[in-house]
Protein chains: 2
Amino acid sequence: MTEAFVRPPTAQEAVLTEIRRLLVTGELAPGTPVRQEAVAERLGVSRVPVREALKVLEGEGHVVYAAHRGYVVAELSVDDLTEVYRLRELLEAEAIRVAVPRLDAATIESIGAASRAVEAAGRRGDLAEMTAYNRDFHFLLFDAAGMPRLSRTLRQLWDATDVYRAVYFAGSGNRTRVQHDHAEMVDALRARDVRAAIAVQKRHRDASVEAVTAAITADD
Amino acid sequence: MTEAFVRPPTAQEAVLTEIRRLLVTGELAPGTPVRQEAVAERLGVSRVPVREALKVLEGEGHVVYAAHRGYVVAELSVDDLTEVYRLRELLEAEAIRVAVPRLDAATIESIGAASRAVEAAGRRGDLAEMTAYNRDFHFLLFDAAGMPRLSRTLRQLWDATDVYRAVYFAGSGNRTRVQHDHAEMVDALRARDVRAAIAVQKRHRDASVEAVTAAITADD
DNA sequence: GGTTAGCAGATTGGATCCAATATTCAAATG
DNA sequence: CATTTGAATATTGGATCCAATCTGCTAACC
């Protein structure tokens, strides 16, 4: 079977992925207004699909909306960040508690593969791929809990800080730390050790919140 | 100062509140497709604001969307329900832990007032107002935690089961139980007793999940 | 007879045009 | 000189029209 060619079935979807890309790469920086006309022209579509895509992003909290004034890229305060990570702590612990006893060998293998993919991308210095595979690594585990709404909520929380995630991977010191944490996590999963897995995830997250906080407070 | 006259600044907003009303009253029942043209005609607007409102509702999980096939009112399985209540348990406990020590007398008074409003609406037999004031009662407390993202996530979870909430209030036995629980909660808040408040909330929620589960499984 | 091709009808997706609102800036007024 | 009023411009919100896609049915074919 050849690689399926996926044309987005709708323009809104194409617009959505493109705006997301602009957000994570920082081309649309927090605080800047989003001109519908500009986005539409750039992507060669009309303003209608742009507006629908922006409504989705509004729901996810990536942009804030005011009637007749339009959309602005959301800014994340340190308080917001602290809150996001606290909620992640509560919900990721739950996901791990439920998922670990249910894990099969194949899933653990997939998680290990994602870890190696993060490493490979890191050696190539490809930050975008690193963050993508890192996300795979964690959500393969979370999704294994079989709680779709929990997964969805966690994705929203991860999305909220995605803008700043690349910052974390930029430091090579952080990169080796990530590798180490991921390896520990896979060991804990193989041993079906819930407590250890939660502890690793917490350390992992704490290191990240520290780096991102530094990044946010830096450019004020 | 006279009562401010609030005209919805945009049609999408008006459409949004109207569709929400149709959802909670059950006029748009779970599983039924949402015809854009029908909604638009009913509200005297074009399909454009309807589509944008539906995108918001999609983000909130009230409708599910498939490209070129349109929107369908979301159905809630028992598994979904169990998950929603489990997540509420985790997050409401956090909200109460943070909020209770921060509560001032005025907020506690407002919560008490909301409780009396629920009771009054109950005596009138007005289910819609009961659910509204009940929501006020709980979110006055949750919001007091000063964690906007937590409040938002909790609102999403409450929204997801809103369709079935009226069922719970319909039974007069449940109504007196709610009054009793609310009174106990106010006592716990006055005493600044976090453990008691969390325990009351849990009992309150468990009773609700039982009633709603019964309602869901009934009509299958 | 069961399966598939193809043709209406219905419904959604997108583009264009017009209306409503907000913003900016200059001029008039105290 | 500060304030405010008003017009011009930019931007968003909504309506209408056309295109693309899906659905259900009929008929041809194996």
Summary of ring-ring contact (aromatic ring centres under 6.0 Å, His included) pairs that have at least one residue in residues 68-107 of chain B, sequence neighbours excluded: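 For residues 68-107 of chain B, and leaving out neighbouring residues, the ring-ring contact (aromatic ring centres under 6.0 Å, His included) pairs sorted by first residue read B/Y65-B/Y71.
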If you count every heavy atom of other residues, nucleotides or ligands that lies below 6.0 Å from B/F137 atom CZ, does the total exceed 12?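 Yes, the 6.0 Å shell around CZ holds more than 12 heavy atoms from other groups.
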Atom CD of B/E37 to atom P of C/dT12: distance rounded to whole Å?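 Taking CD of B/E37 and P of C/dT12, I get 9 Å after rounding.
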Rounded to whole Å, please give me the gap between CD in A/Q12 and P in D/dA20.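 Whole-Å distance recorded here is 16 Å.
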Using a cut-off of strictly less than 4.0 Å between a heavy atom of the residue and any atom of DNA chain D, enumerate the qualifying residues of residues 41-62 of chain B by number.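 The answer is B/V45, B/S46, B/V48, B/P49.
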Give every donor-acceptor pair under 3.5 Å between a side-chain atom in residues 29-39 of chain B and any protein atom, sequence neighbours left out.
residue, atom, partner, partner atom, Å
B/T32, OG1, B/A29, O, 2.7
B/Q36, OE1, B/R47, NE, 3.1
B/Q36, OE1, B/R47, NH2, 3.3

For A/R97, all residues meeting side chain to side chain contact (heavy atoms under 4.5 Å, CB included), sequence neighbours excluded: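 A/R97 satisfies side chain to side chain contact (heavy atoms under 4.5 Å, CB included) with A/A93, A/E94, A/V194, A/I198, B/R86, B/L90 once adjacent residues are dropped.
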Within-4.5 Å side-chain heavy-atom neighbours: B/R152 and B/P148: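 B/R152 does not reach B/P148 side chain to side chain.
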Applying side chain to side chain contact (heavy atoms under 4.5 Å, CB included) to A/H182 and A/H204, what does each step give before you reach the verdict? CA-CA 9 Å; A/H182 282 188; A/H204 194 58; 3.6 Å; yes
If you look only at distance, which donor and acceptor atoms sit under 3.5 Å apart when one is on a side chain in residues 109-120 of chain B and the other is two or more places apart or in another chain?
residue, atom, partner, partner atom, Å
B/E109, OE2, B/R116, NH2, 3.2
B/S110, OG, B/A106, O, 3.1

Produce the list of close N/O pairs, under 3.5 Å, pairing protein atoms with atoms of nucleotides 6-11 of chain D; give distances to one decimal.
residue, atom, partner, partner atom, Å
D/dT11, O3', A/R35, NH1, 3.4

For A/Y65 and D/dG13, is the shortest distance between a side-chain N/O and OP1 or OP2 below 4.0 Å?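 Looking at the OP1 and OP2 atoms of D/dG13, one of them is under 4.0 Å from a side-chain N or O of A/Y65.
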Do the ring planes of B/H138 and B/W158 sit parallel (below 30°), tilted (30 to 60°) or perpendicular (above 60°)?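 Aromatic pair B/H138/B/W158 classed tilted.
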